[in-house]
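Data first, discussion second: the structure below is written as structure tokens.
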Amino acid sequence: MPKRAEKPELAKAYDASKVEDGIYRRWEKSGYFDPDKLPNGKKRTPFTIVLPPPNATGVLHVGHATMLAIEDLMIRYKRMRGFAALWVPGTDHASIATQNKVEKLIQEKEKKSRHDLGRKEFLKRVEAFVKGSQDTIRNQVRKMGSSIDWSREAYTLDAPRSEAVIEMFNRMYEDGLVYRGERVVNWCVRCTSTLADDEVEYKEQNAKLYFLKYGPFSVATTRPETKLGDTAVAANPSDERYKEWIGKSFELDWGKGTKPLTIRVIGDHEVDPKFGSGLVGVTPAHSAVDFRMAEKNKLPIIKVIGEDGRMLETAGKYAGMTVLEARHAFVKDLEAQGLIEKVEELTNNLSACYRCSTAIEPLTSLQWFVDVNKKIPGRGKSLKELSLEAVKRGGVKIIPERFEKVYFHWMENLRDWCVSRQIWFGHRIPAWYCADRHVTVARKAPKKCGQCGKKELTQDGDTFDTWFSSGTWTFTTLGWPKAMKGGKKTGDLKRFHPTSVLETGYDILFFWVARMILMTTYALKEVPFKTVYLHGLVRDEQGRKMSKSLGNVLDPLDVIPKYGTDAVRLSLVLGTAPGADAKVWDEKIAGYRNFTNKLWNVSRFILTSVSKVRREPKKPPAKTLADRWILARLEAVTAQASAHIERYEFSPAGELLRDFSWTELADWYLEIAKIQMQDPKLRASTEKVLLHALENVLKLWHPYMPFVTEAIWDLLAGNAKGKKFLMIESWPKAAKKPAPAPKEFALMQDIIAAIRNIRSEYKVEPAKRVDATIVAGLKAKLLKDNAAVIRTLARTENLTILAKGEKPKDAASAMVGGIEIHLPLAGMVDMAKERARLEKEKANLEGFVKGLEAKLANKGYTDNAPKEVVEKTRAMLAEKKEELKKIEAALGS
RNA sequence: GGGCGCGUAGCUCAACGGUAGAGCAUCUGCUUUACACGCAGAGGGUUCAGGGUUCAAAUCCUUGCGCGCCCACCA
């Protein structure tokens with residue numbers, strides 16, 4: 001008997017909460033999250049993922065948990081495969097989002113606005129808030145088991161990133177790619193800032209379409225108040241009704257207290273003659289489309305709405321009113337003058353801020369833009385062209401592939417990128433102005449104006465669009481620009497960039513992924529990453545988006561204590577596909593918790609029943625059919641799971657492993673191992689097979705469920721010399737095309753299942769052993785060799801295996817392949833019932849045989865179908881016919 | 001207006017051209033010395049509908065219906 005000390009003490013049920021934090025601490029302390037510190041770390045081939053930096057607005061949600069689970073899976077897999085696996089953590093300052101959040105908090109607590117506090121004080125508050133969020137985020141990332149290199153942590157608003165952003169902007173300025181201009185921008189009245197086109201959301205609403213008497217015409221509009229800023233009216237040039245008017249002008253008077261307007265009639269193909277009256281009142285200052293018409297036709301621009309959402313002096317008597325107030329007042333005045341012809345109802349889209357849902361006012365404003373269409377000096381291509389090429393030429397591969405089309409469509413239609421935001425929290429734009437409004441763009445605060453030499457300069461008060469800084473994330477986290485020496489990459493940048501995979505949600509393909517490609521191809525002349533893996537959104541059981549207002553948000557930190565991190569990770573990875581939304585709910589996680597416990601108990605059984613706990617890395621010799629079977633299955637599963645993971649098919653790989661671990665290893669092999677270990681001749685070899693299977697199963701599962709596997713590994717290899725973490729063990733090897741598992745085992749399974757089925761059918765008490773006769777023909781020897789297995793798993797008493805024989809009297813029968821199984825259940829078999837059961841079986845078989853015969857009689861089939869398929873059908877027919885014969889014989893007796 | 005995805009057992013999803021599978025749920029049994037977070041057995045499907053291609057279709061093509069999403073934005 002082994003010494004007691006060698007037997008691990010194992011709890012009956014796995015308790016994740018007791019082991020996870022301790023294991024994480026040990027991993028972290030080991031230093032292996034840093035690829036340089038791995039054994040032979042410097043010699044390994046790099047594999048890099050940068051963490052999409054979570055917004056510093058607060059806590060991580062289940063979407064972040066999905067991201068962490070998938071990325072950690074890839075990192076752990078590659079680490080075990082011998083790569084220098086680097087995963088870079090960080091957080092995003094998320095300018096607008098964070099500023100809004102802190103503003104709200106201060107408003108609630110202190111009833112103060114950011115203006116009450118002033119820029120400096122407000123920013124101090126934001127920074128304090130961010131520090132707290134970062135701590136929370138770090139803890140949550142650790143809780144998920146992320147093997148991420150904390151020594152390389154970055155923040156989008158820290159000094160190195162700040163230097164990088166300034167460098168980028170200056171380079172673009174020097175290349176003539178940035179300009180400051182008056183353009184119609186999406187203006188959020190609440191944030192008092194511009195928004196990029198993709199930061200605007202559209203919501204369907206019911207609106208009124210007013211038909212106004214508009215000089216000699218009728219013009220339809222949903223925004224009457226903007227008509228105070230019209231400078232033209234546009235018609236489709238092909239519209240016969242207005243053709244002769246094009247080019248002419250007229251005076252338009254909206255009544256007392258307004259300034260008369262001079263309106264020119266212009267032609268534009270964008271006008272739909274079928275909508276409204278076929279005429280559009282052109283308001284260049286408050287519509288992007290109208291602005292373009294104004295540029296083409298050199299129209300004057302009258303701004304009537306201000307940055308505060310109130311009407312300007314140009315709106316005459318309506319000045320000072322909010323947009324809505326002005327609309328009501330103006331409509332009332334028009335009605336009084338009889339200038340409203342009719343009002344129709346229609347549904348249109350209201351544009352709103354993606355951060356605070358406030359209605360967007362398009363208005364002209366002086367902003368900084370990045371020109372995406374201008375050729376870059378020395379490159380001969382525009383930013384847009386470079387970004388398209390990166391994906392078109394295969395430098396960047398997007399998974400799932402259909403998102404490549406989405407990317408192309410978006411990129412092809414990209415307009416100049418407004419990068420300035422009237423937000424306090426962010427990277428200040430490195431532009432300075434003198435009293436004469438000359439602009440100086442520089443890397444450091446200049447001493448004097450670059451144009452006139454004046455010494456009093458003020459820096460632009462605006463900050464950058466948050467995506468302008470996060471767009472540089474892959475290379476700034478690796479040391480750019482400092483790591484560039486003599487135009488060449490050095491250090492981490494050289495070793496780890498381009499990164500290998502960018503894993504993120506498809507919802508930020510445009511916001512972030514596209515911007516990273518744009519910024520990186522520009523700055524480094526290389527792609528930021530080779531593969532983009534897009535995960536889907538996580539939804540609740542009913543398929544709804546998770547949101548605070550619905551109260552259906554699943555907080556990873558709530559479920560981790562309940563089910564364990566491994567279970568949570570499995571529930572987010574299995575049953576999902578890239579780019580497809582996934583549903584998660586409590587019971588699903590509980591199901592995977594059950595599986596972690598299953599794995600624990602499989603291990604518990606193996607570790608407590610072997611004579612000595614030890615590693616068994618080499619494939620042991622197989623002494624029995626079951627040994628051969630489980631070893632073959634293990635190798636096949638290893639090969640298949642590896643192939644799936646290489647193809648980013650994480651769910652199929654996991655399902656394969658799950659079925660293998662649970663059904664094949666636990667339900668079949670472990671039960672047989674119990675029998676084999678009773679036999680002194682088989683005991684040692686069976687232990688080897690068990691330990692070998694366990695060792696490999698732990699390795700295969702480790703990227704999915706790092707905690708429980710590492711905990712068991714500790715018990716398995718804890719005493720071994722040179723004991724290492726499972727985390728850095730090497731991935732199991734398998735032949736590319738492993739030998740198939742022996743078919744004879746499947747026959748055994750079928751026989752056992754058939755006996756169990758009859759027992760259940762006739763309600764034989766589970767504990768009761770019954771006699772059985774198996775007439776097995778050529779398979780008799782095989783079954784005799786494995787009689788102990790059948791006897792135990794099917795609970796038989798006297799098991800008679802014959803090559804040839806008669807059916808015993810009053811027996812219940814079943815046919816499996818060419819084999820007859822008879823259970824003489826004396827006194828228990830109701831022969832009428834047995835007959836009915838067999839008749840039913842016979843009818844089924846006859847139908848099936850008929851189908852196969854018809855198939856084979858069809859010349860079209862035998863001529864056209866592949867030989868193997870036809871052969872298979874023939875073999876099947878022969879087998880089923882044999883079975884049918886036996887059933888008929890059983891019925892006849 | 002343009003594009004994409006999905007519709008398979010009550011639920012969540014597999015099978016992607018050759019007899020429709022799994023987990024959960026349901027039903028029937030069971031303290032079988034690893035696990036009741038378990039074991040054994042069972043029931044449950046005109047694969048949304050119609051048409052086509054094929055010897056063969058859940059799988060390919062086509063039309064329609066239903067659900068979801070993205071882009072554009074209409075004054």
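What you see is a predicted model; the values in this text were computed from it and never measured. Chain letters run A, B, ... following the sequence lines, proteins first, then strands; residues in each count from 1.
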Length of the line joining Arg759(A):CZ and rU32(B):P, which is rounded to integer Å: 14 Å
Side-chain-base donor-acceptor pair under 3.5 Å for Asp863(A) and rC55(B): no
Nucleotide opposite rU47(B) in a Watson-Crick or G-U pair, distances under 3.5 Å: none
Aromatic plane relationship, Tyr506(A) with Phe403(A) - under 30° parallel, 30 to 60° tilted, over 60° perpendicular: parallel
Touch class at under 4.0 angstrom, heavy-atom based, for Lys674(A) against every strand present: base
Separation of atom CD in Glu649(A) from atom P in rC13(B), rounded to whole Å: 18 Å
Nucleotide nearest Arg402(A) when distance is taken to its side chain, options rG41(B), rG18(B), rG5(B): rG5(B)
Nucleotide rC37(B), atom C1' - distance to CG of Asp15(A) in whole Å: 12 Å
Sugar-phosphate only, base, or nothing, as touched by Leu670(A) at under 4.0 Å among non-hydrogen atoms: base
Most 5' of Lys855(A) and Gly276(A) on RNA chain B, judged by nearest nucleotide: Lys855(A)
Sugar-phosphate, base or nothing in reach of Val271(A), heavy atoms under 4.0 Å: base
Below 4.0 Å: OP1/OP2 of rC35(B) and any side-chain N or O of Arg604(A): yes
rC39(B) phosphate, OP1 or OP2, under 4.0 Å from Trp668(A) side-chain N/O: no
Salt bridge present between Arg683(A) and Glu687(A) (N-O < 4.0 angstrom): yes
Candidates rC74(B), rC55(B), rC70(B) - which lies nearest the side chain of Phe510(A): rC70(B)
Of the listed nucleotides rG38(B), rG18(B), rC73(B), the one nearest the side chain of Tyr202(A): rC73(B)
Glu834(A) and Tyr762(A) side chains, donor-acceptor separation under 3.5 Å: yes
Heavy-atom pair with the smallest gap, counting every atom of Pro362(A) and His286(A): O-ND1, 3.0 Å
Nearest-Å distance for atom pair CG/C1', residues Leu346(A) and rC73(B): 12 Å
From Tyr242(A) atom OH to Ile266(A) atom CD1, the distance as rounded to the nearest 0.5 Å: 14.5 Å
Touch class at under 4.0 angstrom, heavy-atom based, for Asp272(A) against every strand present: base
Proximal nucleotide (of rG41(B), rC39(B), rC37(B)) relative to the Asp667(A) side chain: rC39(B)
Nearest to side-chain heavy atoms of Phe848(A), which nucleotide of rC30(B), rU19(B), rG41(B): rU19(B)
Mutual orientation of the aromatic rings belonging to Phe510(A) and Trp410(A) [parallel < 30°, tilted 30-60°, perpendicular > 60°]: parallel
Asp268(A) side chain vs Glu270(A) backbone, donor-acceptor pair below 3.5 Å: yes
Atom-pair distance (CE on Met876(A); P on rA56(B)), nearest Å: 20 Å
G-U wobble or Watson-Crick pairing nucleotide for rG10(B) (cut-off 3.5 Å, both distances): rC24(B)
Under-3.5 Å donor-acceptor pair between Glu655(A) side chain and rA15(B) base: no
Of the listed nucleotides rA22(B), rC35(B), rU19(B), the one nearest the side chain of Arg658(A): rA22(B)
Touch class at under 4.0 angstrom, heavy-atom based, for Arg769(A) against every strand present: nothing
Side chain of Lys763(A) (C-beta onward), nearest among rG29(B), rU28(B), rA22(B): rU28(B)
Partner nucleotide, any strand, of rC39(B) [Watson-Crick/G-U, under 3.5 Å]: rG29(B)
Shortest side-chain distance from Pro766(A), nucleotide among rA34(B), rC71(B), rG29(B): rG29(B)
Length of the line joining Leu572(A):CG and rC13(B):P, which is rounded to integer Å: 14 Å
Atom-to-atom span, CD of Glu671(A) to P of rC35(B) - whole angstrom: 11 Å
Residue pair Tyr861(A) / Thr873(A), side-chain donor-acceptor N/O under 3.5 Å: yes
Any donor-acceptor N or O pair under 3.5 Å, side chains Asp230(A), Thr283(A): yes
Polar side-chain contact Lys12(A)-rC35(B) base: donor and acceptor under 3.5 Å: no
Below 4.0 Å: OP1/OP2 of rC39(B) and any side-chain N or O of Lys598(A): yes
Rounded interatomic separation in angstrom, taking CG from Leu656(A) and C1' from rC13(B): 16 Å
Watson-Crick/G-U partner (both atom distances under 3.5 Å) of rG5(B): rC67(B)
Charged N-O contact under 4.0 Å between Arg223(A) and Glu225(A): yes
Sugar-phosphate only, base, or nothing, as touched by Ala220(A) at under 4.0 Å among non-hydrogen atoms: sugar-phosphate
Distance below 4.0 Å between Asn864(A) side-chain N/O and rC55(B) OP1 or OP2: yes
Between rU31(B) and rC39(B) - C1' atom distance, rounded Å: 11 Å
Residues within residues 575-596 of chain A bordering RNA chain B, heavy-atom distance below 4.0 Å: Lys583(A), Trp585(A), Arg593(A), Asn594(A)
Sugar-phosphate, base or nothing in reach of Pro652(A), heavy atoms under 4.0 Å: nothing
Sugar-phosphate, base or nothing in reach of Glu765(A), heavy atoms under 4.0 Å: nothing
P atoms of rG44(B) and rC6(B), separation to the nearest Å: 30 Å
Under 4.0 angstrom between Asn349(A) side-chain N/O and rC74(B) OP1 or OP2: no
Of the listed nucleotides rU32(B), rC74(B), rA34(B), the one nearest the side chain of Arg795(A): rU32(B)
rA14(B) to rG50(B) separation - C1' atoms, rounded to the nearest Å: 27 Å
Nearest-Å distance once atom C1' is located in both rG64(B) and rA9(B): 26 Å
Gap in Å between the two C1' atoms, one belonging to rC13(B) and one to rG29(B), rounded: 29 Å
Nearest listed nucleotide, side chain of Pro866(A), among rC55(B), rC69(B), rG18(B): rG18(B)
Nearest-0.5 Å distance that lies between atom CG in Leu694(A) and atom CD1 in Ile606(A): 4.5 Å
